[in-house]
2 protein chains.
Amino acid sequence: MEHNSENCRSNCPINFILETFGDKWTLLVVRDLMFKGKKYYGEFLESDEKISTNILAERLQRLETHGVITKEKDPDHKSKFIYALTEKGKALLPIMLEVTQWSSTYDSLTNTPKEFSEALKVDKDGVKKGVLDRL
Amino acid sequence: MEHNSENCRSNCPINFILETFGDKWTLLVVRDLMFKGKKYYGEFLESDEKISTNILAERLQRLETHGVITKEKDPDHKSKFIYALTEKGKALLPIMLEVTQWSSTYDSLTNTPKEFSEALKVDKDGVKKGVLDRL
DNA sequence: CTGTATCCTTAGGGATACTG
DNA sequence: CAGTATCCCTAAGGATACAG
């Protein structure tokens with residue numbers, strides 16, 4: 001999804017990302033998909049930050065609308081959906097890695113999980129594997 | 001500023017950045033400082049997104065509290081302050097560049113200003129100049 | 001258990017008045 | 001003009017009940 005004229009404040013690229021991710025929850029869902037290997041509704045609910053059910057549903061919907069994730073029926077478990085990153089969603093990886101690096105540098109309490117730093121390492125080599133294989 | 005135990009949802013690096021920038025306005029102030037060469041209160045008010053005065057004041061305060069910007073008396077114009085990025089603030093550049101690139105790729109209406117793409121170019125060379133000189 | 005809907009409180013934020 | 005404060009409405013979101 002691209003800029004829609006209504007409720008679009010400007011054509012600035014920084015503003016653009018805020019239209020989708022400018023809140024306290026959305027990026028955490030991306031993190032869970034990208035680094036934690038989560039794909040089910042219930043798995044997102046289990047994360048440390050304790051997102052509430054209605055917020056999660058709204059964010060999954062939003063991300064799907066914006067073309068960042070897909071929602072598909074799980075062939076195995078009926079009445080259950082698998083959420084996955086699209087190419088557009090996977091393309092957020094460099095941003096996520098830079099964020100991780102910045103936070104690690106400036107917050108002594110930040111505990112960077114190994115999945116993050118491994119993804120960071122392979123990306124810096126310019127070799128797109130590791131985390132990305134799984135995406 | 002680092003994680004303060006109260007109202008900190010987790011020690012995840014992605015969550016950490018959201019504690020400061022997880023809203024629709026804060027990052028725009030950083031953009032204005034980093035790419036637009038703005039430093040005065042009134043200049044931030046002029047941006048396309050039309051931030052309101054109380055929100056701007058609150059965000060400048062927040063960014064200062066979090067060690068991302070400094071607020072110093074303007075020696076020339078009395079009763080006027082100069083806002084500037086700290087090292088921690090300047091270190092957001094790689095994130096800003098990745099965001100710019102992602103938005104440019106996925107939003108056809110995004111109009112990437114020349115300051116952004118120039119900063120992007122010099123950064124990719126690994127040569128920290130251009131925009132960074134001015135910071 | 002997966003997901004949706006509802007209730008209700010709080011926080012975000014627009015408009016604007018106000019002070020130095 | 002720079003910045004703060006207030007008024008007030010709307011959106012964000014926590015708790016929880018509900019439906020398949």
Side-chain angles (χ1 to χ4, degrees), chain A residues 4 6-10 15 17-30 32-33 36-66 69-84, chain B residues 4 6-10 15 17-30 32-33 36-66 69-84:
Chain A
N4 42 354
E6 343 84 72
N7 75 12
C8 171
R9 303 182 297 178
S10 75
N15 181 67
I17 209 162
L18 292 176
E19 309 267 0
T20 306
F21 299 99
D23 73 285
K24 285 215 175 353
W25 294 107
T26 310
L27 210 58
L28 297 179
V29 176
V30 172
D32 285 350
L33 286 161
K36 309 282 188 179
K38 300 187 178 183
K39 48 180 183 288
Y40 296 118
Y41 192 86
E43 293 180 306
F44 301 117
L45 290 177
E46 289 165 8
S47 293
D48 288 346
E49 296 85 5
K50 295 296 165 216
I51 191 169
S52 60
T53 59
N54 56 338
I55 301 300
L56 175 59
E58 202 273 337
R59 292 309 191 275
L60 288 169
Q61 172 76 65
R62 178 196 293 186
L63 287 171
E64 194 187 1
T65 302
H66 287 223
I69 68 171
T70 54
K71 174 182 185 175
E72 292 183 356
K73 277 215 164 61
D74 187 341
D76 302 335
H77 316 268
K78 186 167 150 51
S79 87
K80 192 172 180 178
F81 289 92
I82 295 181
Y83 300 95
Chain B
N4 41 354
E6 343 85 70
N7 74 13
C8 172
R9 303 182 295 179
S10 75
N15 181 66
I17 209 163
L18 292 176
E19 309 266 3
T20 306
F21 299 99
D23 73 287
K24 285 216 171 1
W25 292 107
T26 310
L27 210 59
L28 297 179
V29 176
V30 173
D32 285 350
L33 286 161
K36 309 281 189 180
K38 300 187 178 183
K39 48 178 182 289
Y40 296 118
Y41 192 87
E43 293 179 305
F44 301 116
L45 291 176
E46 288 165 9
S47 294
D48 289 347
E49 295 86 5
K50 296 296 165 218
I51 191 171
S52 59
T53 59
N54 56 338
I55 301 300
L56 176 59
E58 202 273 336
R59 294 307 192 274
L60 287 170
Q61 173 77 66
R62 177 194 296 185
L63 287 171
E64 195 188 358
T65 302
H66 287 223
I69 67 171
T70 55
K71 174 182 185 176
E72 293 183 353
K73 277 216 162 63
D74 187 341
D76 303 335
H77 318 269
K78 183 167 154 47
S79 87
K80 193 172 179 177
F81 289 92
I82 295 180
Y83 299 95

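Quick note on labels: first sequence line is chain A, next is B, and so on, each numbered from 1.
Side-chain atoms of Glu19(B) and Asn15(B) include a donor-acceptor pair closer than 3.5 Å.
Atom CG in Asp74(B) sits roughly 16 Å away from atom P in dC1(D) (whole-Å rounding). Atom CD of Glu72(A) and atom P of dT2(C) are 18 Å apart (whole Å). Following rounding to the nearest Å, Arg59(B) (CZ) and dG13(C) (C1') show an atom-to-atom distance of 8 Å. At whole-Å resolution of the value, CZ in Phe81(B) and C1' in dT4(D) are 12 Å apart. Rounded to whole angstrom, the span from the CD atom of Gln61(A) across to the P atom of dA12(D) amounts to 14 Å. What separates CG of Leu56(A) from C1' of dT4(C) is a distance of 11 Å, to the nearest Å. One can place CD1 of Ile55(A) at 11 Å from P of dA15(D), the figure rounded to the nearest angstrom. Atom P of nucleotide dA12(D) and atom CG of Asp23(B) are separated by 12 Å, given to the nearest angstrom.
For Trp25(B) and dG12(C), the shortest distance from a side-chain N or O to OP1 or OP2 is not below 4.0 Å. For Tyr83(A) and dT2(C), the shortest distance from a side-chain N or O to OP1 or OP2 is not below 4.0 Å. Put simply, Tyr41(A) has no side-chain N or O that comes within less than 4.0 Å of OP1 or OP2 on dG20(D).
Proximity of a side-chain donor or acceptor of Tyr41(A) to a complementary backbone N or O of Tyr83(A) within less than 3.5 Å is not detected.
In this model, a side-chain donor or acceptor of Asn54(A) finds a partner on the base of dG14(D) within 3.5 Å. One donor-acceptor pair, N or O on each side, does fall under 3.5 Å between the base of dT4(D) and the side chain of Thr53(B).
Residue-level contact check: Lys73(B) touches neither bases nor backbone, having no heavy atom under 4.0 Å from any strand. Across all strands shown, Phe44(B) has no heavy atoms under 4.0 Å from either base or sugar-phosphate atoms.
Here the CG-NZ distance, from Leu28(A) to Lys36(A), works out to 10.0 Å after rounding to the nearest 0.5 Å. Distance check: Lys39(B) NZ to Asp32(B) CG gives 12.5 Å after rounding to the nearest 0.5 Å. Note that CD1 of Ile69(B) is 11.5 Å distant from CZ of Arg62(B), once rounded to the nearest 0.5 Å.
Closest to the side chain of Lys24(B), out of dT4(D), dG13(C), dT2(C), is dG13(C). Listed nucleotides dG3(C), dG14(C), dG13(D) differ in distance to Ser52(B); the shortest reach to its side chain belongs to dG14(C).
Looking at which nucleotide of DNA chain D each of Ser79(A) and Arg62(A) is closest to, the 5′-most match is held by Arg62(A).
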